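Keep in mind it's a predicted model, so treat the numbers as computed, not measured. Every chain is numbered from 1, with letters handed out A, B, ... down the list of sequences. Heavy-atom basis, side chains included; hydrogens, waters and symmetry copies ignored.
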2 protein chains.
Amino acid sequence: MPTLSDVAKEANVSKMTVSRVINHPNQVTPELRKIVLEAMHRLNYHPNSAASALASNRTNVVKFVILEDIDTTEPYYMNLLFGIAQGLQKQQFALQLVRDAADVDKGNCDGYIITGARATDSDWLDKLKKPFVLFGENRYGYDFIDTDNKLGDQLATQYAIDRNYQSIIFMGIDEKEPFEYSREAGYINTLQKYKKIPRIFRVANHSRKAQDFITNNWKKFAPDTCFICASDRIAVGVVRAIQEKGGKIPKDFGVIGFDGVFLDQVSNPKLTTIKQPIFELGQSLATMILQKVAQNGAAQGELLMPPELIKRESTR
Amino acid sequence: MPTLSDVAKEANVSKMTVSRVINHPNQVTPELRKIVLEAMHRLNYHPNSAASALASNRTNVVKFVILEDIDTTEPYYMNLLFGIAQGLQKQQFALQLVRDAADVDKGNCDGYIITGARATDSDWLDKLKKPFVLFGENRYGYDFIDTDNKLGDQLATQYAIDRNYQSIIFMGIDEKEPFEYSREAGYINTLQKYKKIPRIFRVANHSRKAQDFITNNWKKFAPDTCFICASDRIAVGVVRAIQEKGGKIPKDFGVIGFDGVFLDQVSNPKLTTIKQPIFELGQSLATMILQKVAQNGAAQGELLMPPELIKRESTR
DNA sequence: TTGTACGCGTTATCAC
DNA sequence: GTGATAACGCGTACAA
């Protein structure tokens, strides 16, 4: 396998020039750059990431910290992880999984991707010595990437309106988290455009809880109603309750979920849902932390990625 | 962060001795070793994996090659991946995901973990320049790790016998793969111990196919029968067919699945199943390839890990 | 059993 | 804008 020196000889330049072409291309004249690039191509040169890591005092390792108790039967994290892995791979970075906050400091790394951070985590987040980006909205100024939750339920609500459901109800998650507020905001905003009055209920994020809630309050829900749900889990529960009560889906009752990762497809009827671009979120997380590392921890801001409305059988 | 030299000074030895304590501990006297280890501990020394990788001409990267078209909604691979990642992490190795055989040669690595290899893959497997281990039984002498499939269905069949089901039927997967043969062998062996005659049917690995098969052949299955299924998917289909035909589970019909990763828990009734130790399989895969790399590709043989019988509601 | 000297491939510093 | 030189931290001869 050819090295930097080989390329330098081939191109009749110094190693330094080759290195610059790789890391600081604009510090070298276009002509030279071209010559070097051609030499690299001819020799099928690939940088040795270990050597580069050593020389620049990096580890080429990014830690993926999962703070929440995850359900490994949920393919959500799988997709995220695949996206992250693929994103890191482009720059030959290693991935380490950390599932316990206590392990965060064990072993070196160049940066962190953190998911499941809550308000109370800011204590130790502020003490981290390496750059990090969060997966999931936060209101503390930390760099983050998330689905555009507000847009998601704008799409959902708009669709419910377009399908002429007379009453449109939001079934939220009973947690004071930014993503929930954003989803509710998307619902409220859109309803207001049409001068409709929002009706919001909140339950724990379990299908059973949602099902029980709907069943116990069945008389509140007249036919011609669409439920905008903050998760597919809740949507599944709502569907079951409606079926149990003999309601007709999608004719008399519409149900729209959120996530689009698994439950939407196994539900019967298949759920209309807001599908999060999870794999892409993972890729972007990787890209962002790599960039932040390259820029010595410079702030990267926030990135909201647009979800997609998937039309299926739970809406008319 | 302290280096090898720092430890050497602290312990009043040469760098070489410290290096040996790390890589070839038995080449150094116990007393010296102790002194060095204490020095390492005092300084909180951690080896710089980039430097070590560079010096020993390694990359510290292992590629995980997924040859089959995987269903990302199946948590199976998630668990496997988590296990692999954790195993590699112990030695600061990076993980790269490869999902296309064409990408196998792109970029360097020290070794491969390969899943989904078929007989026809041996052409290019033989040409790989770095060591590899397979996930999944094979009969070509390649190193591999898998669940002990035979043992699994020995457990299942034995349990069916213990529960006094009069007739015990095997519902296999219609594929000529080693794992399938092993599971059938476990079933057959155990039946023979009790001088019972095996009855084997095979269908595609889909719940729908299994369901249709049972439905269409319902008259062949008298009450007091237990179905040993080669996968939870098939088991789910069998359960549905029995319910559709009005059979009583588990009183008149028992069903035992295989995998224990997800479907067994969402099925109704919950499935008695043979649970594969998937996370541990992943860890072992990592350990094996790391060892093989360390030993310059020396053969590692095969490792069959014992699955577990999970008793639930689909057997009496 | 232990130590010395050098090289691994790259990047940063400083000259020119 | 480009090149010489010295690190980066560790492992492998080889010598003692």
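A donor and an acceptor atom sit less than 3.5 Å apart, one in the side chain of A:K15 and one in the base of C:dT10. Side-chain atoms of B:R58 stay outside donor-acceptor range of the base of D:dG11, with no qualifying N/O pair under 3.5 Å. One donor-acceptor pair, N or O on each side, does fall under 3.5 Å between the base of C:dG3 and the side chain of B:R20.
Here D:dG1 is the nucleotide among D:dG1, D:dG3, C:dC8 with the atom lying nearest to any side-chain atom of A:T29. The side chain of A:S19 lies closest to C:dT11, out of C:dG9, C:dT11, D:dG9. In this structure, of C:dT10, C:dT2, D:dC10, it is C:dT2 that holds the atom nearest to the side chain of B:L32.
One interatomic measurement links the two molecules: CG of B:N60 to P of D:dG9, which rounds to 16 Å at whole-angstrom precision. Note: CG (A:N12) to P (D:dG1) measures 21 Å, nearest angstrom. Spacing between atom CG of B:L54 and atom P of C:dT10 amounts to 9 Å, rounded to whole angstrom units. Rounded to an integer number of Å, the gap from A:I22 CD1 to C:dA12 C1' is 15 Å. Following rounding to the nearest Å, A:M16 (CE) and C:dA15 (P) show an atom-to-atom distance of 16 Å. With rounding to whole Å, A:N48 atom CG is found 17 Å from D:dG9 atom P. Rounded to an integer number of Å, the gap from B:N108 CG to C:dC8 P is 16 Å. Rounded to whole Å, the distance from CG on A:L4 to P on D:dC8 is 19 Å.
Screening A:N79, A:D148, A:N149, A:D259 against A:Q276 for a side chain to side chain donor-acceptor pair (under 3.5 Å) leaves a single residue, A:D259.
Under a cut-off of 6.0 angstrom, the local environment of CZ in A:R118 is sparse, with at most 12 non-hydrogen atoms contributed by other residues, nucleotides or ligands.
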| said: For A:Q295 and A:Q300: C-alpha separation, side-chain torsions, deciding distance, then whether side chain to side chain contact (heavy atoms under 4.5 Å, CB included) applies. | reply: CA-CA 10 Å; A:Q295 298 173 0; A:Q300 303 292 313; 3.0 Å; yes
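Under the 4.5 Å side-chain criterion, counting only non-hydrogen atoms from C-beta, A:Q291 is not in contact with A:V133.
For the pair A:R33 (side chain) and A:V21 (backbone), a donor-acceptor distance under 3.5 Å is absent. Using a distance-only test at 3.5 Å, with no hydrogens or angles considered, a donor-acceptor pair links the side chain of A:S284 to the main chain of A:E280.
The shortest distance between the side-chain N/O atoms of B:S5 and the OP1/OP2 oxygens of D:dC10 is not below 4.0 Å. Residue A:N23 has a polar side-chain atom (N or O) positioned under 4.0 Å from OP1 or OP2 of C:dT11. A close approach under 4.0 Å does not occur between any side-chain nitrogen or oxygen of A:S14 and OP1 or OP2 of D:dA4. Applying the 4.0 Å criterion to OP1 and OP2 of C:dT11, one finds that A:S56 has every side-chain N and O outside that range.
Ring geometry for B:F135 versus B:Y76: interplanar angle of 30 to 60°, hence tilted.
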| remark: Under the rule of Watson-Crick or G-U wobble with both distances under 3.5 Å, where | means paired to another strand and [ ] a crossing pair, DNA chain C maps to ||||||||||||||||
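The nearest heavy atom of DNA chain C to A:V18 and to B:A55 marks one nucleotide each, and the one closer to the 5' end goes with B:A55.
A cation-pi contact links B:K292 to B:F132, judged by a cut-off of 6.0 Å to the six-membered ring centre and 45° from its axis.
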